[in-house]
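The structure appears below as structure tokens.
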Amino acid sequence: DARVTQTPRHKVTEMGQEVTMRCQPILGHNTVFWYRQTMMQGLELLAYFRNRAPLDDSGMPKDRFSAEMPDATLATLKIQPSEPRDSAVYFCASGPGGRSSYNEQFFGPGTRLTVL
Amino acid sequence: GNSVTQMEGPVTLSEEAFLTINCTYTATGYPSLFWYVQYPGEGLQLLLKATKADDKGSNKGFEATYRKETTSFHLEKGSVQVSDSAVYFCALTKDYKLSFGAGTTVTVRA
């Protein structure tokens, strides 16, 4: 049963600290997405990768957020320095690529981040 | 731009009641339409999808029909169960981007 995995599931940190969230996409998928979910804003797309290349990070605050794919099995989202307003659930999703990637994304369980 | 508007919740129902969640969209061209479900503490799961006008998506007793003339994709289930309690998101995709509605929280009571 192939699934997207995310670590950690929960993270509590203090303002100013660096936070790194990790995602393992489904094996064979070549598109990866990062989303943020908050009560106020709902689901927001932060970044999109295809074949490990970042194609769209327009939804991501550039000054403190960064997203990378060091290899095909790992995607990372970093926040440095973190702020209380970054508290949210961060979801990673992957898609199989080709035409079908435009139609379906498979979501991980999320990382719940709390910045004090 | 592309956007999705769905019925605001929360919605509370008794078991075996009929459920409808309204969803309308704005998009250029011919988007694909989806319903995702999020159970407490979990990520989103695809519930059903439709990729062209008049298509009907169905899964687990849920149905939705892609109506281009009314730009709608309403979700229905004839007899809900307690296990259907979740947040439901209507979404569309154009190119690679998923645009989500705000989500509708559904609670089914025994």
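Numbers restart at 1 for each chain; the letters A, B, ... are given by sequence-line order, proteins then strands.
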_Applying a heavy-atom distance below 4.5 Å, give me the residues of residues 60-70 of chain A that approach chain B, sorted by number._
none

_Residues B:Lys56 and B:Glu63 bridged, charged N to O under 4.0 Å_ = yes

*Sorted by first residue and then second, give each side chain to side chain donor-acceptor pair (under 3.5 Å) pair with at least one member in residues 37-48 of chain B; sequence neighbours left out.*
A:Gln37-B:Gln38, B:Glu42-B:Gln45

In residues 8-15 of chain A, what donor-acceptor pairs under 3.5 Å come from side-chain atoms, sequence neighbours left out?
unit_1: A:Arg9; atom_1: NE; unit_2: A:Gly110; atom_2: O; d: 3.2
unit_1: A:Arg9; atom_1: NH2; unit_2: B:Gly41; atom_2: O; d: 3.3

*Hey, what's the ring geometry for A:Phe33 with A:Tyr35, parallel, tilted or perpendicular (30° and 60° as the breaks)?*
parallel

*Taking only residues two or more places apart in sequence or in another chain, which ones pass side chain to side chain contact (heavy atoms under 4.5 Å, CB included) with B:Ala27?*
B:Asn2, B:Tyr25, B:Pro31, B:Leu92

*Do the ring planes of B:Trp35 and B:Phe73 sit parallel (below 30°), tilted (30 to 60°) or perpendicular (above 60°)?*
parallel

